[in-house]
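Notes follow once the structure below has been shown.
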Amino acid sequence: MPPRRLHRDFFDRSVHKVAPDLIGATLLFNGAGGIIVEVEAYHHTDPAAHSYNGRTERNAVMFGPPGYLYVYRSYGIHWCMNFVCEKDSSASAILIRAIEPTHGVRRMQRRRGVDDIRQLCSGPGKVCQALGVTHAHNALPLDEKPFELFAREGKVSVVRGPRIGITKAAEKPWRYGLKGSKFLSKPFRA
DNA sequence: AAACAGATGTACT
DNA sequence: GTACATCTGTTTA
C-alpha cells in the first residue's frame with residue numbers, strides 16, 4: 001500500500017489535533033528530510049505565539065489559509081519553519097522541531113557541516129539548515145513542490161510535555177514527540 | 001552534566 | 001534598548 005499524501009485540508013483543524021497527527025509523518029523538501037519526531041503547537045490565544053499580538057509583516061502567513069509554510073528568523077541566526085493550521089485567519093501554527101533523517105542524508109550532512117545523524121535535525125534551527133529552508137520559502141503551499149508530505153503508516157506512541165526555549169506560557173504541554181525517538185532535540189521527561 | 005557567552009536580525013515593550 | 005519558539009563552543013560561573 002503506497003504512502004498517503006497529506007493535502008492542505010489535513011491542516012484545517014485545531015493545532016492540538018494536527019500536531020500529534022504530524023508525529024511519524026514524512027516531510028521532504030527537495031527530496032531531503034525524514035520522519036517528523038517532534039513538533040510544538042502555537043495557538044493564536046497563546047501568549048507564546050507570534051500571532052498573539054495581532055498581524056505583522058513577519059507573521060502575515062499565519063493569518064492566511066491552512067496548509068502553508070511560515071518561516072521566521074530566530075535569534076538573528078537560524079530559520080525556523082511552521083505549518084499554518086485552522087482556517088478563518090485563526091493564526092495558529094505548528095513548529096517543526098526535529099526530524100529523523102531518512103532521505104538526502106549526505107546533502108543534509110553537507111549543509112549542516114556535521115556527520116552525526118542524530119545531530120542533523122535535532123532542533124528547529126537545525127531542521128531548516130539541513131533541509132535548506134530559508135525565508136525565501138515563506139508562504140509556500142505544503143502540498144506542492146518542493147514539498148512532499150506523507151501521512152504516517154501504522155500506529156505510533158505520541159508523548160507530550162512542556163515546550164522548550166520559550167519564556168511565556170512555558171508550562172503548557174504543547175510539545176509533541178515520538179516516544180523513545182533518538183532524534184529529539186531533548187528527551188521528554190516522565 | 002550543566003552553565004555560560006557569543007553570534008546576530010527583526011519586532012516591538 | 002530589550003527580548004526572542006536557537007545553536008555552538010568553552011568553562012565550571
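The shown structure was predicted, so the numbers you read here are calculated from the model rather than taken from an experiment. Protein chains get the first letters and strands the later ones, always in sequence-line order, with residue 1 at the start of each.
Think of the region where chain A sits on DNA chain C: with heavy atoms and a 4.0 Å cut, that region ends 5' and 3' at C:dC4 to C:dT8.
Residue pairs meeting the ring-ring contact (aromatic ring centres under 6.0 Å, His included) criterion with at least one partner in residues 147-166 of chain A, sequence neighbours excluded, are A:Phe29-A:Phe147.
Salt bridge annotation for A:Arg5-A:Glu148: present, with a cationic side-chain nitrogen under 4.0 angstrom from a carboxylate oxygen. For A:Glu40 and A:Arg163, the salt-bridge test fails: no basic side-chain N is under 4.0 Å from an acidic carboxylate O.
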Reading 5' to 3' through nucleotides 7-13 of chain B, protein heavy-atom contacts under 4.0 Å coded B for base, S for sugar-phosphate only, - for none: BBB-SS-
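The stretch residues 114-130 of chain A touches DNA chain C through A:Gly123, A:Pro124, A:Gly125, A:Lys126, each having a heavy atom under 4.0 angstrom from the strand.
Using modelled atom types, no side-chain atom of A:His7 and backbone atom of A:Asp9 make a donor-acceptor pair closer than 3.5 Å. In this structure, A:Asn138 contributes its side chain and A:His135 its backbone to no donor-acceptor pair below 3.5 Å.
Side-chain atoms of A:Thr45 and A:His43 include a donor-acceptor pair closer than 3.5 Å.
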Base-pairing string, 5' to 3', of DNA chain C - Watson-Crick or wobble, under 3.5 Å, | interstrand: ||||.|||||||.
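Residues A:Gln129 and A:Trp79 have side chains not in contact (no heavy-atom distance under 4.5 Å, counting atoms from C-beta outward). Counting heavy atoms from C-beta outward, A:Ile36 and A:Phe183 have side chains that stay 4.5 Å or more apart.
Atom CD of A:Glu57 has 12 or fewer neighbouring heavy atoms from other residues, nucleotides or ligands inside a 6.0 Å radius.
Using a 4.0 Å heavy-atom cutoff across all strands shown, A:Arg97 reaches sugar-phosphate atoms only and no base atom. Using a 4.0 Å heavy-atom criterion, one finds that A:Arg175 contacts no nucleic acid atom at all.
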Chi angles and distances behind the salt bridge (charged side-chain N to carboxylate O under 4.0 Å, His left out) call for A:Arg13, A:Asp21: CA-CA 11 Å; A:Arg13 298 178 289 146; A:Asp21 283 354; 3.0 Å; yes
CA sep, side-chain torsions, deciding dist, call: A:Tyr72, A:His50, ring-ring contact (aromatic ring centres under 6.0 Å, His included): CA-CA 10 Å; A:Tyr72 68 92; A:His50 286 173; 4.5 Å; yes
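Here the straight-line distance linking atom OG of A:Ser122 with atom CD of A:Glu38 works out to 9.0 Å at 0.5 Å rounding.
Between the C1' atoms of C:dA13 and B:dG6, the separation comes to 16 Å (whole Å).
Residues that satisfy the salt bridge (charged side-chain N to carboxylate O under 4.0 Å, His left out) test with A:Glu100, not counting sequence neighbours, are absent from this structure.
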